[in-house]
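Count residues from 1 along the sequence. Since the model is a prediction, treat every value here as computed from it, not as a measurement.
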Amino acid sequence: MTYGVLPAAPSHTLAVVQAQPSPSPTPGEPRGEDVGKSSPVGFLILILFFIAVAFLIRSMNKHLKRVPATFDKPEDAEPEKPRDANGRPG
């Protein structure tokens, strides 16, 4: 049994580098100044998301009020008359 030669790897390979978090400090070691703080930009984005959700809920409620309670056809309604190719009753 013979094995074929594998094709050579392309010369332009992509290296994927994953950023590793820094190790947590020991309990007595001081941390940086920005640890545990959030920026005002993040707070603003969060407020904008809440406003967008409020508008979406309001819109959904308006649309749901227009939905009929049931989709059954009324019993006393006239049967639909057949129509011709132009859409006129006939």
Side-chain angles (χ1 to χ4, degrees):
M1 182 193 257
T2 60
Y3 294 103
V5 178
L6 294 175
S11 61
H12 55 280
T13 58
L14 176 67
V16 178
V17 179
Q18 183 180 4
Q20 297 293 324
S22 59
S24 19
T26 56
E29 191 177 334
R31 294 184 179 191
E33 219 177 275
D34 295 332
V35 173
K37 295 181 180 179
S38 62
S39 71
V41 175
F43 182 68
L44 179 65
I45 291 172
L46 186 65
I47 295 299
L48 290 175
F49 279 137
F50 284 140
I51 292 170
V53 167
F55 278 115
L56 286 171
I57 290 172
R58 184 175 165 205
S59 173
M60 180 185 63
N61 284 334
K62 283 183 183 179
H63 282 86
L64 285 176
K65 286 179 184 176
R66 296 179 190 162
V67 175
T70 180
F71 289 100
D72 295 333
K73 292 184 180 180
E75 298 291 328
D76 57 350
E78 292 180 22
E80 207 174 295
K81 295 180 183 176
R83 299 183 176 264
D84 63 2
N86 294 329
R88 290 184 237 141

| message | I'd like to check the side chain to side chain donor-acceptor pair (under 3.5 Å) partners of T70; sequence neighbours left out, ordered by chain and number. | response |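 Partners of T70 under the side chain to side chain donor-acceptor pair (under 3.5 Å) test: D72.
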| query | Taking only residues two or more places apart in sequence or in another chain, which ones pass side-chain contact (heavy atoms from CB on, under 4.5 Å) with F55? | reply | I51, R58
| said: Going by the rule side-chain contact (heavy atoms from CB on, under 4.5 Å), which residues pair with F49 if we only count those two or more places apart in sequence or in a different chain? | reply: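 F49 satisfies side-chain contact (heavy atoms from CB on, under 4.5 Å) with I45 once adjacent residues are dropped.
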| task | Kindly give the cluster partners of L48, where membership spreads through any ILVMFWY side chain lying under 4.5 Å from a current member. | result |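 Traced through the cluster, L48 reaches L44.
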